[in-house]
Amino acid sequence: MTDIIDELQWRGLIAQTTGLDALRKAIADGPITLYCGFDPTAGSLHVGHLTQILTLARFQQAGHRPIALVGGGTGLIGDPKPSAERRLNSTETVLGWVESLRGQLSAFLRFTPQDENPRPNDAILADNAEWLSGINSIEFLRDVGKHFSVNQMLARETVKSRLDGEGMSYTEFSYVLLQSYDFVQLYRRFGCTLQTGGSDQWGNITAGLDLVRRMDGNEPHGQAHALTTNLLTKADGTKFGKTETGTVWLDPESTSPYAFYQFWFNADDRDVIRYLKVFSFRSRSEIEDLERQTEERPQARAAQRALAEELTTLVHGAEECRKVIDASLALFGRAELSELDGRTLEAALSEVPKTEVAGPVAELPTVADLFARSGLTPSKSAARRAIQEGGAYVNNVKVTDVEARLTEADVLQGRFVVLRKGKRNIGGVVLAG
């Protein structure tokens, strides 16, 4: 089996463990079963979850058995935020989100194919509602609650920050008991001996590990372990996984494949190699080669392109990735705009300055007006200068008349017109209706 610990260390993923030597030995004696939990706090996972999902996938590739745990039970409570109380969602809403997350997680891990016998390291998809939803509260307080010290719980950083502010409900205060009990249940049911998660989950994870020891004495599956990954930050100080339009989701209805691709393609040169290590399955030699290319020819954006293509294919499939690449080429005149489907074109234009107009095409303002209205130029006079200087394009065709107007033939897919100023500045017109 691949030395997964060395692999994770090289990729800069390991933040904390309960004992690296003991974990190495358990893995060497393995294979082991490990898990990571994903609470349904929205209808989709986002790029911030990819670190954990792909860490499970790396363990599976190394011969170990991953469990992706969807929090159908804990999602009704919510992991406490450091600043304010979470809004509780209805049972129906959470159940819907659970199903969405199940589908997304299934795309990243290898499960047993239908009508085939399971292989030793086929992934398991579990839902903690199975054991939490029917639990007896008296038994839970007696059997689980007695193992938790209120003093230790009050010392947790999230609890302290909340108590120093608006306070915390007992509902959120008790979350750690529920998550810890997950570890016990997975230890008993599947022989799971390792929990992974982000470094912000260290307290919850180690509480679960301690509960396995207290309730089961680490028997019969041996000592339980914990491993957390580093939380990603961006070199420019902005939050990873956010753009000007908000969170980057894995669901194509929430974040289009085009916008998803652009998120990775626009990665800062200072960040892209780190992202490749964390999110890509490329080998060390391939990533080191891309690092050299970034240093020698940063304008080629070879590392960004490799990262964007790999992740868009992984999340949305090869066909969607091809459409995105075609759209990128077409916007800049290197492929035919007319060959793009409406959904891809709409997604591409959602990321650029644009204006929405109504009325018959013949009655629309001049092209110069549309350049200014879209924000592609600061004014109509600036748009007229761009036309006079040969730097204005409609659907990649150079505009030569400062009084030019759109025609029906300029409208793509019945609604869209692509504007371009110079080589790189893209804008758009969207016809209402």
Side-chain angles (χ1 to χ4, degrees), residues 243-246 248 252-253 255-266 299-301 304-305 308 312 320-433:
T243 67
E244 290 182 3
T245 55
V248 180
E253 298 302 319
T255 298
S256 70
Y258 183 88
F260 185 86
Y261 181 97
Q262 292 299 321
F263 170 76
W264 300 107
F265 186 76
N266 291 328
Q299 69 277 10
R301 303 189 74 73
Q304 284 89 343
R305 184 172 291 104
T312 305
E320 285 297 331
C321 185
R322 182 194 63 77
K323 289 180 181 179
V324 167
I325 293 170
D326 288 349
S328 298
L329 292 172
L331 287 179
F332 294 98
R334 296 191 293 275
E336 284 296 324
L337 278 166
S338 59
E339 295 179 1
L340 299 183
D341 62 77
R343 179 170 172 268
T344 302
L345 191 54
E346 182 176 21
L349 292 182
S350 71
E351 303 299 308
V352 302
K354 59 184 175 296
T355 182
E356 185 169 315
V357 295
V361 174
E363 297 178 13
L364 295 182
T366 66
V367 169
D369 273 312
L370 294 173
F371 265 75
R373 289 191 185 191
S374 71
L376 200 54
T377 59
S379 64
K380 182 178 177 180
S381 60
R384 292 168 70 91
R385 282 197 302 274
I387 293 171
Q388 291 169 337
E389 294 167 1
Y393 299 81
V394 170
N395 297 338
N396 293 324
V397 177
K398 186 179 292 186
V399 181
T400 57
D401 181 0
V402 294
E403 300 299 334
R405 293 177 178 273
L406 298 180
T407 68
E408 292 287 352
D410 293 321
V411 182
L412 304 170
Q413 300 294 339
R415 287 190 64 204
F416 308 106
V417 179
V418 177
L419 308 177
R420 176 158 58 90
K421 182 169 73 75
K423 291 183 178 181
R424 296 183 178 277
N425 299 306
I426 302 293
V429 179
V430 179
L431 274 65

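The two residues Ala308 and Trp264 have their closest heavy-atom pair at CA-CB, 3.7 Å. Closest of all the heavy-atom pairs between Leu370 and Thr355 is O-CG2, 4.2 Å. For the residue pair Ala348 and Leu331, the shortest heavy atom distance occurs at CB-CD1, 3.8 Å. Heavy atoms only, all atoms of each residue included: Ala383 and Ala368 are closest at CB-O, 3.4 Å. Across all non-hydrogen atoms, the minimal contact from Arg301 to Phe265 is NH2-O, 2.8 Å. Across every non-hydrogen atom of Leu412 and Leu337, the tightest pair is CD1-CB, 3.9 Å.
Residue pairs meeting the salt bridge (charged side-chain N to carboxylate O under 4.0 Å, His left out) criterion with at least one member in residues 360-378, sequence neighbours excluded: Asp369-Lys380.
Within the model, atoms CZ of Arg415 and CD of Glu346 stand 5.0 Å from one another, a figure rounded to the nearest 0.5 Å. How far CD of Glu336 is from CG of Asn395: 10.0 Å, rounded to the nearest 0.5 Å. Considering CG of Leu419 and CZ of Phe371, their distance stands at 4.5 Å, rounded to 0.5 Å. Between the CD atom of Gln304 and the OH atom of Tyr261 there is a distance of 10.0 Å, given to the nearest 0.5 Å. Here Ser256 contributes atom OG and Gln262 contributes atom CD; the two are 9.0 Å apart, rounded to the nearest 0.5 Å. A distance of 10.0 Å separates OH in Tyr258 from CG in Leu345, rounded to the nearest 0.5 Å.
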Would you be so kind as to tabulate the donor-acceptor pairs closer than 3.5 Å made by side chains of residues 399-407, with sequence neighbours excluded?
unit_1 : atom_1 : unit_2 : atom_2 : d
Asp401 : OD1    : Glu403 : N      : 2.9
Glu403 : OE2    : Arg384 : NH1    : 2.9
Glu403 : OE2    : Arg384 : NH2    : 3.3
Arg405 : NH1    : Leu364 : O      : 2.5
Thr407 : OG1    : Ala409 : N      : 3.4
Thr407 : OG1    : Asp410 : OD2    : 3.3

Report, one line per pair, each donor and acceptor closer than 3.5 Å where one atom sits in a side chain of residues 420-432; sequence neighbours left out.
unit_1 : atom_1 : unit_2 : atom_2 : d
Arg420 : NE     : Asn396 : OD1    : 3.2
Arg420 : NH1    : Gly422 : O      : 2.9
Arg420 : NH2    : Asn396 : OD1    : 3.2

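In this view, Pro353 satisfies the side-chain contact (heavy atoms from CB on, under 4.5 Å) rule with no residue, not counting sequence neighbours. In terms of the salt bridge (Lys or Arg N to Asp or Glu O under 4.0 Å) criterion, residue partners of Arg322 (sequence neighbours excluded) are, by chain and number, Glu319, Asp326. For Phe416, there are no ring-ring contact (aromatic ring centres under 6.0 Å, His included) partners two or more places apart in sequence or in a different chain.
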Quiz item: Yes or no on salt bridge (Lys or Arg N to Asp or Glu O under 4.0 Å) for Arg343 and Glu320, after CA distance, side-chain angles and deciding distance?
Solution: CA-CA 11 Å; Arg343 179 170 172 268; Glu320 285 297 331; 3.5 Å; yes
